[in-house]
Trainee: 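Would you mind keeping the following structure in view while I ask a few things?
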Amino acid sequence: MPVHVVADTVTGLADLRAMLEPRYAVTSELLSDTNTRCGESDAVVVTADLRAVDNIAALRETFGNLGHVRKRIFIIDQKARLFTVQAYALGATRVLVNPVNQAGLLAALVDSNPARTISTESLPCVRKAATAGATALASMFSAVLSGKAIDVSSAKVAGNQIADSIAEDGLSSWLETVRRHHESTYQHCLLVTGIAVDFGLSLGVPKADVERLYSAAMFHDIGKAKIPLAVLDKPGRLDAQERSLIETHPAAGYDVLKGNAGISPEILDAVRHHHEYLDGSGYPDALCAESISDIVRILTISDIFAALIEHRHYKPTMPREQAYEILRSMEEKLEKPLVAAFRDVALSR
Ligand SMILES: [Fe+2]
Ligand SMILES: [Fe+2]
């Protein structure tokens with residue numbers, strides 16, 4: 001696999017070449033070079049200071065030329081949330097934080113699940129929709145972090161693109177593409193969006209409700225922008241304090257979106273209440289069945305299923321059958337007929 005390296009300093013370039021050359025055919029360029037010479041590379045590795053405005057502008061230009069490269073790994077200097085978000089907004093499919101050693105970099109370049117059988121390269125519509133979705137999510141998270149206005153319309157346009165992709169290529173292609181190319185919260189939000197759309201389509205809901213579903217799903221976890229990455233991406237169990245911090249995200253999402261003219265009351269309701277359960281055991285408002293809308297019930301089932309089947313490097317991906325059994329076991333919490341109707345989406349679509 002040819003790998004292309006981009007760095008903002010000569011030293012950065014040399015360090016990356018030294019780590020990669022024993023294993024890969026490497027081409028490289030300084031970020032200040034005007035011509036991108038990436039050729040037929042399967043992967044690009046970027047190291048640059050994302051605090052520098054010039055670097056960001058140059059990377060935007062470079063990635064206009066590198067969008068076809070399957071793996072785009074960014075190495076950043078600090079695990080600051082804003083830089084991670086910035087890297088994803090620039091097109092990263094994976095972000096590593098310095099100090100990065102050779103073993104870590106090589107591991108990131110190895111496909112985490114080579115046995116997957118669906119060729120996403122033959123499905124450009126799916127890839128484009130996933131990239132549009134991830135970019136919209138990254139800029140929303142970035143806006144929340146920097147206190148700027150949230151671009152609601154880009155998220156809705158991306159949601160619509162995702163809905164078209166699901167209608168055209170089906171849910172399985174979507175799940176494979178997103179799990180292969182996107183990570184963490186963005187992967188999760190993209191999975192929820194695709195699953196909620198497919199669930200809506202399988203139920204035969206009107207077009208306006210499909211639109212409500214993809215919008216609600218795109219925005220549902222925006223409050224996670226306020227949660228530290230160390231908690232959000234922690235491998236393994238959360239302690240009580242971390243759990244209660246995570247549980248602030250629906251109300252935090254509600255707070256950042258309320259008053260935004262592009263967000264309808266139903267979407268706002270879904271953002272605040274997607275962790276409520278019919279038996280009143282959910283959060284933040286411990287709502288009971290009659291107070292939970294249909295859109296929220298559909299979103300909650302999609303959200304739980306997506307969380308179960310997410311791909312994380314530190315644990316095996318749960319098979320869809322097992323995830324569906326877990327949904328079925330949540331009898332008092334989720335609407336039984338809806339879970340039954342979800343069977344097709346979960347197992348065969
Ligand atoms: Fe959530
Ligand atoms: Fe979620």
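In each ligand, atom 1 is the first atom listed, and ligand 1 is the first ligand listed.
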Trainee: Step through the shown structure and confirm whether more than 12 heavy atoms of other residues, nucleotides or ligands are within 6.0 Å of NZ on Lys336.
Mentor: no
Trainee: For a quick test of reading the model, state the closest non-hydrogen atom pair linking Gly282 to Glu276 and the distance between them.
Mentor: C-OE1, 3.5 Å
Trainee: Can you tell me, to 10 degrees, how wide the angle at the Fe ion (ligand 1) is between NE2 on His249 and NE2 on His275?
Mentor: 90°
Trainee: Looking only at N, O or S atoms, find the one in Asp303 nearest to the Fe ion (ligand 2) and name it.
Mentor: OD1
Trainee: If you count the non-hydrogen atoms of other residues, nucleotides and ligands that lie under 6.0 Å from CZ in Arg312, is the total more than 12?
Mentor: yes
Trainee: How wide is the angle at the Fe ion (ligand 2) between NE2 in His220 and NE2 in His188, to the nearest 10°?
Mentor: 100°
Trainee: Assign the ring pair His249 / Tyr283 to parallel, tilted or perpendicular, where the plane angle (0 to 90°) is split at 30° and 60°.
Mentor: perpendicular
Trainee: Out of the N/O/S atoms in Asp221, what is the name of the one closest to the Fe ion (ligand 2)?
Mentor: OD2
